[in-house]
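The structure under discussion appears below in the form of C-alpha cells.
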Amino acid sequence: MNFNKTTKLFLMCAFLLTSLFTYAQDWANLKRYQSENSALTTPAKNEKRVVFMGNSITQGWVEKRPDFFKNNPYIGRGISGQTTPQMLVRFRQDVIALQPKVVVILAGTNDIAGNTGPSTLEMIMDNIGSMAEIAAANKIKVVLCSVLPAYDYPWKKGMEPNVKIPQLNELIQAYCDKKGFVYLDYFAAMSDEKNAMIAEYTSDGVHCTAKGYELMESLVQPAIQKALKNKQKKF
C-alpha cells in the first residue's frame, strides 16, 4: 500500500470515528432546536401554543407546509430518523420548556424500522406513554396520533410495518381510552386495503406529499380543539 492510499485510509477512519463519537455525544440530537427554543418568547396570555413532536414526517410537514405553522401558534419539533427513546430524552427541552397548551405526538415508525436497534411494540408504547404523562403532569393537553401507514420501509426492507403499525395503533388508541387523552387516527384516512399509504398522499410509501399534509391538517385541527376542551386526568 503506497503512502497516498495509507493516508486516505487513515483520514477516512478518523472521519468515521469522529462522526460516531459526535453522534454518541448527542444521541438524541439535543442541539437541533436549542437556538430556536432560546429565541422563543413566553406564550402570550391568550395564546394556545401547540408543539408537534415527531420524526421526519413532522419535520417534513414544517418544510413543505410552512404557512400552516406560521399562520397558527404551532411549533414543529420533528427530527428525521428519530425513535421514541430519542424523543423522550429531548421531550422536556423541546416541548415542556416551550409552555404549550397542547402537544401533538406522532412517533413510532422508526422504532419499528429498528433505527436505533430492536424494539418491541410494548417498548414503543412505554416511551409514547412516558412523553404523554410528562406532558399531562405539566398541565399540557395531549394528542396522540396513530402511526401513518407504510407497507414497507425503503431503507429497511422486511420489517413488516403493514402488520406492526396497525398493532401499535391499537395499543395507542387503547392507552388514550384508558388515560383520557385525545387519539388522532391518521391511519384510517390514509391507508389502502394493504395497509400501505394511499399513493397520492406519499412520495415514497412512508413520507407525505403536500396533499397528504393537507389531509393531516384537516384532521389535526379538530383534534387540537378537542384536546383544549378535554378534561384530562391528573398525573
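One-based numbering along the sequence shown. Given the structure is predicted, the values throughout are model-derived calculations rather than measurements.
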I'd like to check [X] versus [Y] (side-chain heavy atoms, cut-off strictly below 4.5 Å). Are they in contact?
X	Y	answer
V50	N72	no
S119	T83	no
V102	K48	no
M131	M87	yes
I112	I165	yes

Is the count of non-hydrogen atoms from other residues, nucleotides or ligands lying under 6.0 Å from K64 atom NZ greater than 12?
yes
Please list, chain by chain and in numerical order, all residues satisfying side-chain contact (heavy atoms from CB on, under 4.5 Å) with [X], sequence neighbours excluded.
X	answer
K231	none
K157	D152
I198	D192, E200, Y201
Q99	T42, P43

Non-neighbouring partners of F52 that pass ring-ring contact (aromatic ring centres under 6.0 Å, His included), sequence neighbours left out
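F52 satisfies ring-ring contact (aromatic ring centres under 6.0 Å, His included) with W61, F69, Y74 only.
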Check step by step if side chain to side chain contact (heavy atoms under 4.5 Å, CB included) holds for I57 and L148.
CA-CA 9 Å; I57 293 167; L148 271 58; 4.0 Å; yes
Check: H207/S56 side-chain N/O donor and acceptor closer than 3.5 Å
yes
Are R77 and Y33 in a cation-pi setup, meaning NZ or CZ lies under 6.0 angstrom from the ring centre and within 45 degrees of the ring axis?
yes
Side chain to side chain contact (heavy atoms under 4.5 Å, CB included) between I172 and S146, intermediate numbers included
CA-CA 7 Å; I172 296 172; S146 69; 5.9 Å; no
With N29 via side-chain hydrogen bond (donor to acceptor under 3.5 Å, both in side chains) - residues at least two apart:
none
